[in-house]
Amino acid sequence: MAKERPIGVYDSGVGGLTVVRWLQQVLPMEQIIYFGDTARVPYGGRSSDEIVEFSRQILAFFLGKGVKFVIAACNTSSALALPLLVAEAPIPMMGVIYPGAKAAVTGVKGQRIGVIGTKATVESHAYGHALRDINPDIDVGEIACPELVPLVEAGEWEGERVDSLLVGYLSPLIKERIDTLILGCTHYPFLLPSIERILGPEVRVVDPGEATAQVAASRLRELGLLAKQRQGDDSFYVSGDPLGFRNTAFGLGYDYLVQAVDISRYA
Ligand code: DGL
């Protein structure tokens, strides 16, 4: 039955695991197939054509696995590729940006919102548009943080280098007196303790992963695709080195078997 098929979740690398951990809590019956494009990470400095091409290949890989629903657990792909892919895909898809924007705005008044993300996400202004669609009066400042993803992929989640980069990236937003910060890249929740320490308790930090899992649950319910019972363990695929990914996942508290895929043969 369609509802018992797995869901596909993807990112350029390990970042999507910060969405997977919410999905596992909110949707424990769903079997997840994860793909991390670790041979081609980071996506954030790439052209929109490349991001669309890579995302299409990942969709083709998931279709070959018989998934019922796909989540782009990658802001960069959500911003640049998802609008096209949603129109082409034979199965429903969703991304992280709208759920993240909605979570940042809901139930809070008079906001000054900061967004940090990759260069491609920030230049697309996907968050600015989504936030102002919900509330045109919101002040939004978007800052690209190109040096963070390579550090997270390398397992460097804290320390002097992380702090000094974060202080540089966050200072303009602190000067703007933001009250909310959206982590507009799924790699950034790995840096949450440092981000929160630098911003102080006044600033609310929003990880779109949690809202994404809630929206995914509603979408699956509406579509009649919620799994009643788990069909098997989650599985993890990468285009690069499976061991590196496995070690990073281990740092998050997960012990996954990770398999390599030649993603370039999918189109
Ligand atoms: N984790 C991704 C995102 O949410 C992509 C980071 C990258 O590959 O540059 O944007």
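What you are looking at is a predicted structure, and each value in this text was computed from that prediction instead of being measured. Every number for a ligand or one of its atoms is a count from 1 in the order of the listing. Because only heavy atoms are used, hydrogens play no part in the values below, and waters and symmetry mates are left out as well, while side chains stay in.
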| query | Which one of Tyr256, Tyr254, Phe245, Tyr237 satisfies the ring pair (Phe, Tyr, Trp, His ring centres under 6.0 Å) criterion with Tyr34? | reply |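 Of all the options given, the one that passes is Phe245.
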| field | Pairs meeting criterion salt bridge (Lys or Arg N to Asp or Glu O under 4.0 Å) with involvement of residues 29-45, two or more places apart | value |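 Applying salt bridge (Lys or Arg N to Asp or Glu O under 4.0 Å) to every pair that reaches into residues 29-45, excluding sequence neighbours, yields Glu30-Lys68, Asp37-Arg40.
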| message | I'd like the contact residues of ligand 1, where contact means a heavy atom below 4.0 Å. | response |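 If the criterion is a heavy atom under 4.0 Å, then ligand 1 touches Asp11, Ser12, Val41, Pro42, Tyr43, Gly44, Cys74, Asn75, Thr76, Thr118, Val149, Cys185, Thr186, His187.
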| Shared hydrophobic cluster for Ile143 and Val167 (ILVMFWY, side-chain gaps under 4.5 Å) |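 In one cluster: yes.
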| In one Ile/Leu/Val/Met/Phe/Trp/Tyr side-chain cluster, 4.5 Å: Val115, Tyr43 |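 Cluster IDs for Val115 and Tyr43 differ.
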| query | Could you state the interatomic distance from CG (Leu192) to CG (Asp207), rounded to the nearest 0.5 Å? | reply |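 Nearest 0.5 Å value for the CG-CG distance: 7.5 Å.
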| query | When rounded to the nearest 0.5 angstrom, what distance separates CG in Asn135 from CD1 in Ile113? | reply |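 The CG atom of Asn135 sits 8.0 Å away from the CD1 atom of Ile113.
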